[in-house]
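The figures that follow rest on heavy atoms only: side chains count, while hydrogens, waters and symmetry mates do not.
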Amino acid sequence: MTINEYIEFIILPILGVSIVLVGFRFLMGPTIADRIIALDLLITIGSGIICIYSLFANEPVLLDVAMILALIAFLSTVAFSYYLKKRKKK
Amino acid sequence: MKNRFLGNILLTLVWVALTGDLSLGNFVFGFVLCFFILWIITRGRSGAKYFRVLPKVISFFFFFLYELVKANIQVAIEVITPRFQMVPGIVEYPLSAESDMEITLLANLISLTPGTLSLDVSTDKKSLFIHTMYVQDKEVFIADIKNGFEKRLLEILR
Amino acid sequence: MKTIILRTASNYLLPILLVFSVFILLRGHYLPGGGFVGGLIAAVAFVLHAFANDLKETKLLLKIHPGFLIPFGLAISFFSGVFPILFEGSAFMTGIWYPGKIPVLGSMGTALFFDIGVYFVVIGVTLTILFTISESA
Amino acid sequence: MAILIGILYAAGIYMILRRSLVKLIIGIILLGNGANLLIFLLGRITQGKPPVIDEGANILIAAYADPVPQALILTAIVISFGIQSFAIVLIKRAYKEVKTDDLNEMNATDEES
Amino acid sequence: MIIDTIVGIVATLGALFVLFAAIGFVRMPDTYLRISVTTKAATLGIGLLMVATAIYFDEISITTKVLAIILFLFLTAPVSAHLIGRASYFIGIELWDKSVMDDLKGRYNKITHRLNSESDKNNQEFED
Amino acid sequence: MLIAVLLGFIFSLLLVFIGRFLKGKLAVLSALVPLSLFFYFLKFIPQLSAGKIIRQNYEWVPSLGINLNFTLDGLSLIFCLMITGIGALVFLYTSSYLKGHRYLDRFYGYLGFFMASMLGVVLSDNIITLFIFWELTSISSFFLIGFNNQDPASRKSAVISIAITGAGGLLLLIGGLILGDVSGTYSIYEMLTQHQSIIGSEYYILIVLFIFGAAFTKSAQFPFHFWLPGAMKAPTPVSTYLHSATMVKAGIYLLLRLTPVLGTTNFWNITLICVGGFTMLYAAIHALFRVDMKSVLAYSTITALGMLVFLIGIGTRESILAAAVFILIHALYKATLFLVTGVVDHQTGTRNLEKLSGLRKVMMPIAIAGIIAAISGSGIPPTFGFLGKDLIYESSLQSLSPILITAVAVLTNMLLLYASFVVGVKPFTGKLPENFQNVKKPGFLLWAPPLLLAILCLLFGLFPGIIENVFAKPMLSALGFSADIHLKLWHGFNLILLLSAITIGGGLIIYAFVSPSGKSLNFIEKYETLSPRSIFLNFGNSIHGFSMFWTSVFQNGYLRNYIFTIVFFLVCIAGYSLLTNLNYRMDYASLARVDIYQITLSMVMLIGILFTVFSKSRLTAVASMGLIGYAICLFFVYYGAPDLAMTQFAIDTLTVILFVLVLYRLPKYLVLSNTKVRIMDGVLSLSLGILISLLALEVLNEPVNKEIAEYYAANSYLLAHGKNVVNVILVDFRGADTMIEISVLSVAAIGVFGLLKLRIKTLERRKFSKFKKFEK
Amino acid sequence: MMAQLTTYPILLQLLLGIILMFAWNNVKLQRIISILGSIVGVVVAVVLFISIWNDGTQIVEAGSWPAPFSIVFVADIFAATLVLLTSFAGLAVASFSSATVMPLRLKFGYFPIFHFLLLGLNGAFLTGDLFNLYVWFEIIIISSFVLITIGGEKAQLEGAVKYFTLNILASMIFLTAIAVLYGLSGSLNMADLALKVAQIENRTLVEVTAILFFVGFGIKSAVFPLYFWLPASYHTPPPAVSAIFGGLLTKVGVYALIRVFTLIFPDEVFLRDIFIVVAVLTLFSGAIGALVQNNIRKVFSYLIICHIGFMIAGLGMFTEVAIAGAIFYLIHDIMVKTNLFMISGLIYRLKGSNSIRALGGLYEDFPKISLLIIASFCSLVGLPPFSGFWPKLSLLTEAFKIENYWIVGAILLASFLTLFIIWKLWSEVFWKKSELKTSSSSYLFNHDMKYHRRIQMLAPIIFITIISLYIGFAAENIQVLSERIADELMNPQPYIDAVLNKTEILEL
Ligand code: NA
Ligand code: NA
């Protein structure tokens, strides 16, 4: 079993399952905060997947995407929290 | 002056790391670039005593890793076992750390270990409110952190 | 949103992100990135700063109104575009390259300056929009 | 993928047809995404390498993804960003002036004759 | 081959942590617990995945890049967790009913959003 | 001749600038313009009498075949002299009639403009050029009718007249165009040679209908006649000039001019006879019921116009001659009567026939003019009118059904006599009412022009040779008839004389027994709802109503309906086109190639879409939208587009953030539409979606062309010094796109800035008005 | 340097936009720059026009890359004509804006955006690349969004929401069309596409693509049943903005339709029938829509729609004569519609209202201005021999030749209704006695304005009126021009050669 096969048949599916689980929570909610966390988590896992995919496809270039993902995910979470608070204020 | 210089070198290294090109030209370019960036943004920030704390940093790093893995495993078990063993709650933790930097680092480190989450710092910076999964005894919990994370951290930073 | 934790973190993130943005900008010609993404990252850095601190502080930090960056960047791009017309008589946007290589950047030419112009415009635009919105919010 | 794009278009139009300002913008964004993906798809996507020339090489070799649609989409995305941000602010202002999210109540300019 | 094995192991660990985070995220009974469990587990997991990648490519530029990403992740993840947790508390999301204590209760001044510590609790008036 | 035509235009243009000098005592000088033109045209008489036709060509728009080909022949000459001659008198008369009027200069401007246009109509050989001048006459008429623009009735009449004559003008245009198409030329002169092929053409009926439409509207034939009585709102000089002597004759001119081109068919003749005959009777009867002098004159003018159409319809040489002569007769006596009416009105302040009588005591010259004109208009010897009546009966007796037609003619002429007498005789005979005792005598310029015209009525009657040689013969030859005629006043005792006698006797009896009264006016007004005018106005109203309906159906103010319509339109035509020719071959192999990643990503996207669409919380919708963006981003990664992925991701997040920043200011979602609407929208959206999917699948089956990508791949490093091909395209190969793209961003930023920072409301407006001083 | 002439109109506007942004706070300076810059723009456009007229189509390959691979700017006589007209309208509106747009609006970037709009228009006319055309369209619409909302009054915003949504929808459809066309042919260069599309075997797909283009451009050019955004919004922004919108925005859609359907889709017969149906309904709907309006600017808005029908009808008939008619109408319409909206602004300045019911007495009070306006009205109505009349001749003749009586009827009806509407409007607004008290409104009136502001307001109207009169009275020149354009459009081979053959020369 080469590392590529290993990744394709073990690691990526595990991550896929994780995505599905998180997606499930995203759907369930129940609170907005939960959805925000789910989104954050989705992006984070997404960046992990991209990372592993870059290994799988032998494309280090894709790591940059993972980096941007991580950066922006942070920004979006900050913004959402900001929103939650502002909304409360109102 | 010294702090700026250090920060500058540090940033330059970040630059070099990012570009992945350790040539002299790149270093000089990075230095100049970071100089400008720092020049634009730096405004009176207290620095750290850099060389003295380096060994402590390293030991702290491993301590942290250990805590991290330990906590993670604990939580993993909690997660996969069908019944919840946890006793969650929000604890007010009296801070010894004083500066923003210290408080932030501490709070972040606490957050990073699974099972605990720094919710907020009181406005007068005297308490940290932590949400935790295991709070059988509030005093024990506080003491754990006081003697663990906070002590080691403050040793480094002060 | 003035939590100590976020404020402190963002103060450290800001320079790192700015460096990172320049990095993305300059290597765009060789690897994924470029003026647009670079500019966005720089803007995000300032926005984070603004979220954590006060908008006023971020504006103080910038020293100039972000709106000024827009014509500034446009002008850079524009002149790198018309440069060939003025000095070579060749068509708009014709690339003119400095012969030989320059460390870090690789080749240097009008296209690079064009991208730098894009970078500034994007920073200016993003910040103008976000700042204006948060000011009026 | 083609079907997905179809669904995106359908969802976009459906959202635009609702009477809420917010949904209107969401619909426009969905449509934009659909159009971008369509360019991408019809540029004949191949599961290929990014169109970046390898170190040491002078030209793109092997199966690379078509850079042209990518560049087009990039331009389109950025433009839509500009327009969408304007749109978002526009609805905010419109709401503030007209005091309703219901587009059916925004018909003064057509009614006074 | 050895490198591949190491990569495999590290990546597996990372993936498992991510999976645990995801499971925890689904199972945990309240928002705070979910934040608490997941953000960090996932961060660790992703970190490991990154490390695996770095090992695999074994190239200085990539390694530094990966380190930068990890640093960044570790810097931001707790901050986000803090922000979202705090916001959740603000908007009044309830704790799990089996929670044993809530020191934060009644500490926020509803108007100024000032948060009082234990020590100045007595000097101020509070609302519940 | 170009100058001759343009002179009037130049004159009116000049008036814009020098009008204020011509308003005062110098007003009388403006008559120099028509007067000099009158003499200019007189100059051509010898040449024309000698059988020559004068042509002058100026190129204008040769590529459309439209040139200023001026042709002066016998027919044109009659009109030219009438236009300039009566014009000169009207100009003179006006200088006194509207003395000191604020807008006298404008009035002269319109008159000059009209005169020039009218000359253009009668001189143009090119039928399109003729149309151009024709429209200009309508416009000047519009301005003249609306001259008293403070009066709503006056404005309304002006609009009605422009509507009717404007519509007629368009008919002329289209008729002319078809005629040009059929005959291959726009020159009427050249069309003469193609008479047979034109009347044999399949478009003949169409052409004739269009030309009739134009002529009937302009010359006020039933049922388009009603604008003319309305046009009497214009000051009397205008009624004199346009609405009796010249403009309304433009339709007659057109019919005469085209008789050799389109005439001599049954269709042509019978239609004209019927319409003309009906019009003249209808209007003549209507004249009985009027009490306003101008109203009577208006209906009698319509009668005369009907008579002319009727004569042209008979289509024999005699009837054409009769028509031509009657044009002149009518112009002379009707202009006189109008001018007389004007004076009466001007001096007494009323035109009500019930109140007017015995005015000869205060305005003798006017009384003389009126009575002579009335006699001429009634066809009593030895006036010019008698000559005309003779010719009319002569031609009616030669027509297809002589008895009926002659009877109609006789009856009409009786009624015409009544009308002429009622206006020309009645106000001057009998006792002068007390309130008119002190009426001032009219000035020279008021009484001289009508008297002069009246004298001409007499003169031409006594010396018909002038008419014969100067006008009649050149006119007949211009229209292609033999010019072998001899006009005389006395034909001896014959049937025609008998008819004349009957006419005069009958007419006088009517005059004796019918007197104009308000009662009869009221009586006829009861039937107003049945009149063409009301029908026309009702039709106009229903058009207006329909327009309201149509416009409010489409432009209903509901954005969603607009979108629905547009998308529906797109789906319909694109769907029709695609489905009727669909030859899609399902490629099952491509299905098999779909791998787990694609499926997963698609599922994530689908979930995102469903949530975005159906979520009841805005934040969830926005977050789901973000999710879709992220899934797309992963697609981009999967298919080797890291640049795209980065940008899409960053942009998507920024958009979500923007949303979030403004969202809390916006209201919560409401369920605004009912289920039925939603289902309808859903069906439409889905059909669009299906359409796009089908289209995409179909396109994917087509062969692919990658030459551009290959060029970029080969040259991006070697020539453009970059290794990231996408970036090289963006900043170099297609750098122009990017330049605009950043401009778009800049504009958007400025827009956002302005939108949020600048609010002009009533309050600021008020501030702004204080601002004025700053502005100064 | 002269070799790059084709791009100068674009570059000049871009430069102006940038300079004006630098002069953000100095409104006075902005006015001067804008007017002077527009004068330069006219000079450049005239030089370009003359040089194209004499030497034929010129191209510039941006970046000096060979043709199908680069963005090509092509100045054929059609494009040069429109650039010229744009420069006229631009100059007029720049001056008119200086005088009439509130200083508050000027302080928020009015002028830079105005020049970005002109940039977009020039670019759209000159580009030879389909995607680039999309980008130009985007700068046009974003600029127009900003201009239509600048000031943020309630009516403006309501109108803007509709304007915005429907225009975005159009852009999306356009983009979709580009995607499909690129997928089919692999090219974006219009000349290249002309060759490649002709070779595509699956004509259904080509037809559907053409339909997408038609709907996309159709919304922008405001044809039935896609015009809704126009009457909802055109009367809301400052008149100067409406002027440039009314004159040029819909026309750029028409331009795109004409360009794309003569160059890339010359064989789509099905669409031609649709064009004709659409044209007839457009003429009809526009005219009767205008009939029932009370706001002058709304009347003009509907007339814009109505008159678009003439051009679409010309395109639908698709013969050289008909296209020439459409082009002539386009030339006429750009000038006259620009002028109309400036006039509506002028009326506002004179009387403080745009309501037909309320207005009146203009003729009484301002006879000379009224005469100026009447000249425009005559052009609009197509009163012969004013400018609107000539193209109808070609259109009517051609409609007869192809025996399409619907077109004939629609053209006649639309002409008649336009005539009726305008003269009725005249009788109300100019003749009727006014009941308005000018002092009641807070606007800056004509008589309050400084002398040079008044000049700035009136001069552009006089300028455009003179051009309109020229178009009418020197119709021969315009007709020759239109025929030459139509000839170039119907026989695009020289255009294609000019764009693509140069490639070979370069490669050799
Ligand atoms: Na128009
Ligand atoms: Na017309």
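Here G/Leu271 contributes atom CG and F/Ser577 contributes atom OG; the two are 7.5 Å apart, rounded to the nearest 0.5 Å. Remark: F/Glu135 CD to G/Leu383 CG distance equals 6.0 Å, nearest 0.5 Å. Here F/Glu702 contributes atom CD and G/Asn202 contributes atom CG; the two are 4.5 Å apart, rounded to the nearest 0.5 Å. Interatomic distance, NZ of G/Lys162 versus CZ of F/Arg560, reported as 13.5 Å (0.5 Å rounding). Atoms CD1 and CH2, from F/Ile66 and G/Trp390 in turn, are 4.5 Å apart once rounded to the nearest 0.5 Å.
Of the atoms belonging to F/Phe133, not a single heavy atom falls under 4.5 Å from chain G. At a 4.5 Å heavy-atom cutoff, the contact between G/Phe284 and chain F is made by side-chain atoms alone. If you measure heavy-atom distances from G/Thr165 to chain F, the contacts under 4.5 Å come from the side chain alone. Contact of F/Ala736 with chain G is made through backbone and side chain together, with heavy-atom distances under 4.5 Å. In this structure, the portion of G/Ile113 lying under 4.5 Å from any heavy atom of chain F is its side chain and not its backbone. Within the 4.5 angstrom heavy-atom criterion, atoms from both the backbone and the side chain of F/Asp732 approach chain G. There is no contact between F/Leu756 and chain G, counting heavy-atom distances below 4.5 Å. Neither the backbone nor the side chain of F/Pro152 comes within contact range of chain G, judged by heavy atoms closer than 4.5 Å. For G/Leu14, the part sitting under 4.5 Å from any heavy atom of chain F is the side chain, from C-beta outward, and nothing else. In this structure, the portions of F/Phe733 lying under 4.5 Å from any heavy atom of chain G include both its backbone and its side chain. G/Asn189 does not touch chain F: none of its heavy atoms, backbone or side chain, sits under 4.5 Å away. At a 4.5 Å heavy-atom cutoff, the contact between F/Leu206 and chain G is made by side-chain atoms alone. With a 4.5 Å cut-off on non-hydrogen atoms, F/Ile139 touches chain G through its side chain but not through its backbone. Of the atoms belonging to F/Ile128, it is side-chain heavy atoms, and not backbone ones, that fall under 4.5 Å from chain G. Only the side chain of G/Ile274 comes within contact range of chain F, with at least one heavy atom under 4.5 Å from a heavy atom of that chain. In this structure, chain G has no heavy atom under 4.5 Å from any part of F/Phe568. If you measure heavy-atom distances from F/Ile162 to chain G, the contacts under 4.5 Å come from both the backbone and the side chain. The contact between F/Glu707 and chain G is made by backbone and side chain atoms together, counting heavy-atom distances below 4.5 Å.
In this structure the side chain of F/Asn149 never reaches within 4.5 angstrom of the side chain of G/Phe430, judged on heavy atoms. The closest side-chain heavy-atom distance from F/Val61 to G/Leu393 is not below 4.5 Å. Looking at F/Arg106 and G/Tyr363, their side chains come closer than 4.5 Å, going by heavy atoms from C-beta outward. Side-chain atoms of G/Ile10 and F/Met739, non-hydrogen and from C-beta on, never get closer than 4.5 Å to each other. Counting heavy atoms from C-beta on, the side chains of G/Trp24 and F/Ile750 come closer than 4.5 Å. The side-chain heavy atoms of F/Tyr103 and G/Pro367, taken from C-beta on, include no pair separated by under 4.5 Å. Looking only at side-chain heavy atoms (C-beta outward), F/Ile543 and G/Phe420 stay at 4.5 Å or farther from each other. Residues G/Trp423 and F/Val159 are not in side-chain contact: their nearest non-hydrogen atoms beyond the backbone lie 4.5 Å or more apart.
By the side-chain hydrogen bond (donor to acceptor under 3.5 Å, both in side chains) test, F/Lys757 is found to be paired with C/Glu135, residues two or more places apart in sequence or in another chain being considered. The ring-ring contact (aromatic ring centres under 6.0 Å, His included) check on F/Phe147 picks up F/His101, F/Phe107, with sequence neighbours excluded.
Taking every heavy atom of both residues into account, F/Leu177 and G/Thr397 meet most closely at CD2-OG1, 3.8 Å. Between G/Ser394 and F/Leu64, the closest heavy-atom pair is OG-CD2, 3.5 Å.
Most heavy-atom pairs under 4.5 Å with chain G, from the set F/Leu755, F/Ile174, F/Ile729, F/Asn715: that is F/Ile174.
Close placement of the F/Phe143 and G/Trp426 rings is indicated, their centers lying within 6.0 Å of each other.
No hydrogens or angles considered: nothing links the side chains of F/Ser63 and G/Gln479 as a donor-acceptor pair under 3.5 Å.
Each of F/Leu691, F/Ile573, F/Leu695 was evaluated against G/Val208; a single residue qualifies, F/Leu695, per the side-chain contact (heavy atoms from CB on, under 4.5 Å) test.
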